[in-house]
Asks: 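Encoded as structure tokens, here's the structure I'll be asking about.
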Amino acid sequence: MALSDELQPPASKKEVLGKLAGLLERNGINVEEVGKITRVNMWQGFYKDDDGEAHTVDMAGLSFSPAWEDGPDWDPVSQAAPVKCSVRPVKGSPRPEGWQTAVIVPDVQIGYYRAADGTLEPTHDESAITLCLSIMRELNPDVVVLVGDNLDAPEFGKYRLSPAFALTTQASVDRCATFAAELRACAPEADIIWIAGNHEERITNAALDNLKAAFGLKRGNDQDGLPVLSVPFLCRFDEHRIRYLAGYPASAYWINEKLKVIHGNRVRSGGSTAHAYLANEKCSVLYGHIHRREWAERSREDFDGAKTIMAASPGTLARTDGAVPSTRGGIDLDGRPLPVVEDWQQGFGVVTFQPGDGQFFYEQIPIHEGTTWFRGKLYT
């Protein structure tokens, strides 16, 4: 920016500076807004008065940049002052009065196929089952909830099966009955609830579709007993005080008034099944069926303020290497499952909760190659 003005003599240095200040003021410029002065020129000029007589005058020119050209003048950021503090410990209790524990057991898929030498190869994962039962024994939970699909029953399913899976249902039923006994042994006082999944319903549906006369048949003179072609009868649930919730997909078990457990019938790719439940549920929900570990939460405005709900899947206790018949599976020329990487993850869940309208806290327990870490301990 350049300005020029006439300086009347005498023109001492002090007067020149004063004139320059006046020059800025007459042009509406505050001296404090002047940044860097780049040039000052002074020269003599002349003019004629009304009588034609010439007069000399001292002239001055000023070139400068505004103070804001390089941006505002900020105070530098300095290191924070040293701080000394002490953290007051928060006292906790491993099991506060009034709180209870629930273990959530996801899809076990108990089943078999025959290897080349005739031995039975399990489709469930015995090491994953052992880890779950071991932690269950240590927790001594109040509730155990099995989300369903614990008996695979491939001979009753919709997938095309090779002879390798033939005549394996009895072995699966026997292992399932043993699993029921193991659950009771590891949680002797717990309420054990087994929710029917679509795989358990395969046996019931097979009777309805192919032999309606066999549907609902009971042992002789035992009209209050269980139908003989049902999972709870075949696997001796009554002997181990296991409550079976039939009626997939409608059945649900409420851990408290804020959290329910279902088997589930939604499947979304890319880990988004949890979001599908959150979009349709008004409460928190634990579900199975997808064999993947998922966990998502959403917070919404409610009449009483913010309300947060969650949806989570604990994973599976089945093998994840292609042994379980699925849409991704395949067989070799001898009809035995080929290895394939399923997008499944092993694990189970633990819920610490207050009954009624109380709080709950969910823990996801992942299993990797027969090993897990839970509450400061390594299990393998």
Side-chain angles (χ1 to χ4, degrees), residues 100-112 119-156 167-197 199-204 218-219 222 224-246 248 251 253 261 263 288 314-319 323-324 346-351 365 367 370 372 374 379:
Q100 297 183 11
T101 302
V103 174
I104 313 300
V105 182
D107 308 43
V108 183
Q109 307 291 153
I110 291 175
Y112 296 93
T119 59
L120 294 176
E121 288 286 334
T123 56
H124 52 280
D125 190 320
E126 291 288 357
S127 63
I129 293 173
T130 300
L131 287 173
C132 180
L133 291 172
S134 298
I135 292 176
M136 186 186 302
R137 182 183 295 110
E138 289 194 17
L139 290 174
N140 189 22
D142 302 277
V143 180
V144 176
V145 185
L146 297 96
V147 304
D149 280 5
N150 301 301
L151 178 63
D152 190 57
E155 290 189 274
F156 295 88
L167 302 178
T168 59
T169 298
Q170 186 62 62
S172 301
V173 167
D174 293 343
R175 180 64 183 93
C176 197
T178 301
F179 181 53
E182 291 171 337
L183 290 168
R184 178 50 67 193
C186 293
E189 303 302 324
D191 292 331
I192 302 180
I193 296 90
W194 186 308
I195 301 173
H199 283 241
E200 283 92 353
E201 293 289 281
R202 284 175 170 177
I203 296 177
T204 301
K218 301 178 181 181
R219 292 184 299 180
D222 187 16
D224 296 328
L226 294 166
V228 294
L229 282 179
S230 68
V231 171
F233 177 85
L234 293 171
C235 300
R236 299 177 175 271
F237 285 3
D238 55 345
E239 296 176 18
H240 306 295
R241 293 179 285 120
I242 295 176
R243 181 151 56 104
Y244 186 74
L245 301 183
Y248 169 84
S251 296
Y253 177 79
V261 184
H263 179 69
T316 182
L317 298 182
R319 288 172 57 174
V324 179
Q346 292 182 332
F348 59 99
V350 174
V351 179
I365 317 301
I367 297 174
T372 191
F374 177 64
Y379 297 80

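In this chain, numbering begins with 1 at the start of the sequence shown. All heavy atoms count here, side chains included; hydrogens, waters and symmetry mates do not.
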Asks: For T169, is there any backbone N or O sitting under 3.5 Å from a side-chain donor or acceptor partner on E155?
Replies: yes
Asks: Tell me, do W194 and V105 make a side-chain contact under 4.5 Å, heavy atoms counted?
Replies: no
Asks: For G197, does its backbone N or O pair with a side-chain atom of E200 as donor and acceptor, under 3.5 Å?
Replies: yes
Asks: How many angstroms lie between atom CD1 of I365 and atom CZ of F374, to the nearest 0.5 angstrom?
Replies: 4.5 Å
Asks: Atom CZ of R175 and atom OG1 of T178: how far apart are they, to the nearest 0.5 Å?
Replies: 6.0 Å
Asks: Find the distance between CD1 (I242) and CD1 (I192) and round it off to the nearest 0.5 Å.
Replies: 5.0 Å
Asks: Name all residues meeting the side chain to side chain donor-acceptor pair (under 3.5 Å) criterion together with E189; count only those two or more places apart in sequence or in a different chain, and write none if there are none.
Replies: none
Asks: Measure the spacing between OG of S172 and CD of Q109 and express it to the nearest 0.5 Å.
Replies: 11.0 Å
Asks: Search all heavy atoms of P122 against all heavy atoms of A323 and return the closest pair with its distance.
Replies: O-CB, 4.4 Å
Asks: Would you find a donor on one side and an acceptor on the other, under 3.5 Å apart, between the side chain of R184 and the backbone of A187?
Replies: yes
Asks: Looking only at heavy atoms, what is the nearest atom pair of A196 and Y248, with distance?
Replies: O-CB, 3.6 Å
Asks: Any side-chain to backbone donor/acceptor pair from T123 onto G111? Under 3.5 Å, distance only.
Replies: yes
Asks: Could you list the donor-acceptor pairs under 3.5 angstrom formed by side chains in residues 142-151, with sequence neighbours left out?
Replies:
| unit_1 | atom_1 | unit_2 | atom_2 | d |
| --- | --- | --- | --- | --- |
| D142 | OD1 | R95 | NH2 | 3.1 |
| D142 | OD2 | R95 | NH2 | 2.2 |
| D142 | OD2 | T101 | N | 2.9 |
| D149 | OD1 | N198 | N | 3.1 |
| D149 | OD1 | H199 | N | 2.8 |
| D149 | OD2 | H263 | NE2 | 3.1 |
| N150 | OD1 | V108 | N | 3.3 |

Asks: Using every non-hydrogen atom in the two residues, find where C132 and L317 come nearest and quote the distance to one decimal.
Replies: CB-CD1, 4.0 Å
Asks: Mind running side chain to side chain contact (heavy atoms under 4.5 Å, CB included) on T372 and I135 for me, showing each step along the way?
Replies: CA-CA 10 Å; T372 191; I135 292 176; 3.9 Å; yes
Asks: Minimum heavy-atom separation for D107 and G288, please, with both atom names.
Replies: OD1-CA, 3.6 Å
Asks: One pair to check against side chain to side chain contact (heavy atoms under 4.5 Å, CB included): L133 and L183. What are the steps and the verdict?
Replies: CA-CA 7 Å; L133 291 172; L183 290 168; 3.9 Å; yes
Asks: Compare every heavy atom of L226 with every heavy atom of S230, then report the nearest pair and how far apart it is.
Replies: OG-CB, 4.3 Å
Asks: For the CD1 atom of I193 and the OH atom of Y244, what is their distance to the nearest 0.5 Å?
Replies: 14.0 Å
Asks: Dump the intermediate steps for side chain to side chain contact (heavy atoms under 4.5 Å, CB included) on F179 and H124, then the final yes or no.
Replies: CA-CA 11 Å; F179 181 53; H124 52 280; over 6 Å; no
Asks: Just verifying a value: how many Å separate Y112 OH and T119 OG1, rounded to the nearest 0.5 Å?
Replies: 11.5 Å
Asks: Using a 3.5 Å distance criterion without hydrogens, assess whether the side chain of R319 forms a donor-acceptor pair with backbone atoms of V324.
Replies: no
Asks: Assess the residue pair R219 and F233 against the criterion (side chain to side chain contact (heavy atoms under 4.5 Å, CB included)); give the C-alpha distance rounded to whole Å, side-chain angles, the decisive distance to 0.1 Å, and a yes or no.
Replies: CA-CA 10 Å; R219 292 184 299 180; F233 177 85; 3.6 Å; yes
Asks: Of all heavy-atom pairs between P106 and F348, which one has the smallest distance, and what is that distance?
Replies: CD-CB, 3.7 Å
